[in-house]
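To start, the structure under review is shown below, and the notes come after it.
Keep in mind that this is a model prediction, so the values were computed, not measured. The sequence lines fix the lettering, A, B, ..., with proteins before strands; numbering per chain opens at 1.
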2 protein chains.
Amino acid sequence: MNVSSKPERTRLSAEDWELAALHLIAEQGVGALAVEALARQLGVTKGSFYWHFRTREALLNAALERWEQYGEREVLGQIEQIADPRKRLPELFRRVAHELQPHRVYAALLKALDHPQVVPVMARVSQRRMEFLTTAYREAGLPAQQALNRARLTYAAYVGFLQLNFTLGLPRINHEEFDAYVEHMIATLIPA
Amino acid sequence: MNVSSKPERTRLSAEDWELAALHLIAEQGVGALAVEALARQLGVTKGSFYWHFRTREALLNAALERWEQYGEREVLGQIEQIADPRKRLPELFRRVAHELQPHRVYAALLKALDHPQVVPVMARVSQRRMEFLTTAYREAGLPAQQALNRARLTYAAYVGFLQLNFTLGLPRINHEEFDAYVEHMIATLIPA
DNA sequence: GGCAATCCATACTCTTCCGTATGGTTTCTG
DNA sequence: CAGAAACCATACGGAAGAGTATGGATTGCC
């Protein structure tokens, strides 16, 4: 039995630290990102950390950049391959709704918008996603101005939902009820 | 010239500390709530604080309770006096949109959902507001299930908007554009 | 196998912040 | 006006966490 459940790599790389940092952020938020805590969790001491990174901020920045670039090809990459623009938005909604796992980091970062390091990252990511939504709404038939506002509304609903049902544990909505909610969203937000 | 701009009250009460705490939370978040910092800001030292409160947690709890009860009579109290149920929702949207000042504490608390003390408060407040929205939608003509989902969607959009345009500084939407967005929300979310 | 680069442990320092102890000062009250 | 209660300052102790210094261990490479 080992302390952590990791398969006991004898030596660590910078990537290992970054991934562990993202994992910890998803679980306990950016505020909980302490180097000694991370080191314990990885089965080493601070001595290791300060070889790979110059400071704690450096680790956070590296982890954020890694997360940003991963999300770029993964989250948006898939969806862009749905040919029919009319099918694209409902499909997007349903997919996002049913894999809330990758959104944990995003939810954690939403709560860390006071840390100056995360603001630019979140600004870029949110901006790109909103632009994606905007063009999707235009392709679905909305005029430019309406498409933009609908994208704002949609993305705000997404962000708010993360906060309310993910972080906060609001009246724990169950599975069927949740599906009904998603379909209600689709019916309300996507033009027929 | 004084250190802070406060009118130099010679002695302080518990209420003074609670109000100062809320102010600080609105400005810099819950994490910045430190007793020595607050004391400096009030022109006294820790000695004063620990006469009024047993601990830092006690201050936070007191401040949260004060905020919760204030919001209860202020935010919801006014709106309930709008007679026509059909006019009520659009009016609510427009009012909320144009006094974002009282929402700063709420936005700050959204980012503090990892602190166990704020979770129950936010759960209660959000729950009450959602119930209010749900009955408003029913009075506007929606059947029960749809009213509930529409309330969820609306409130999520509200919360998300706070995060995106308040905390994060997303493409600084200007005044006219913002009004157009609010009207778009009304047209999209409120049944004709 | 031995040398150099890489990786890590140990043992510090420094800062920040919570909380306590204790005595002083102001204000209220009889 | 005197004593008590309310309020505050100063000076500690202690925990937590960032960063540094330095030497030991491990690995790749010739």
Q) Less than 4.0 Å between a side-chain N and a carboxylate O, is that true for Arg128(B) and Glu68(B)? A) yes

Q | Closest-nucleotide ordering on DNA chain C, the 5'-leading residue of Val44(A) and Thr55(B) | A | Val44(A)

Q: For dT10(D), take OP1 and OP2 only and decide whether either is under 4.0 Å from a side-chain N or O of Thr45(B).
A: no

Q. In whole angstrom, what separates Gln28(A)'s CD from dG17(D)'s P?
A. 11 Å

Q. Do the side chains of Phe93(A) and Ile190(A) get nearer than 4.5 Å, heavy atoms only?
A. yes

Q.
Just the rounded figure in Å: distance from C1' of dA6(D) to CZ of Phe53(B).
A. 15 Å

Q: Looking at every strand, decide which applies to Leu38(B) at a 4.0 Å heavy-atom threshold: base, sugar-phosphate, or nothing.
A: nothing

Q: Please state whether the base of dT27(C) and the side chain of Arg11(B) form at least one donor-acceptor pair under 3.5 Å?
A: no

Q. Want to settle it: does Lys46(B) or Trp17(B) sit nearer the 5' end of DNA chain D, counting the closest nucleotide to each?
A. Trp17(B)

Q. CZ of Phe49(A) versus P of dA21(D): gap in Å, rounded?
A. 17 Å

Q. Any side-chain heavy atom of Tyr181(B) within less than 4.5 Å of one from Leu153(A)?
A. yes

Q | Nearest-angstrom distance from the residue atom CG of Leu60(A) to P of dA18(D) | A | 12 Å

Q: Rounded off to whole Å, could you give me the OH-to-P distance for the Tyr50(B) and dC12(D) pair?
A: 18 Å

Q | Ser48(A) or Glu36(A), whichever maps to the more 5' nucleotide of DNA chain C | A | Ser48(A)

Q: Provide, to the nearest angstrom, the distance between the CH2 atom belonging to Trp51(B) and the C1' atom belonging to dT22(C).
A: 16 Å

Q | Sidechain N-carboxylate O distance under 4.0 Å for Glu177(A), Arg152(B) | A | yes

Q | Distance-only donor-acceptor check, side chains Tyr50(A) and Thr55(A), under 3.5 Å | A | no

Q. Between dG17(D) atom P and Arg56(A) atom CZ, what is the distance in whole Å?
A. 11 Å

Q: Return the value, rounded to whole Å, for the distance between atom CZ of Arg40(A) and atom C1' of dA16(D).
A: 10 Å

(Q) Taking 4.0 Å as the cut-off, does a side-chain nitrogen or oxygen of His52(A) come that near to OP1 or OP2 on dT6(C)? (A) no

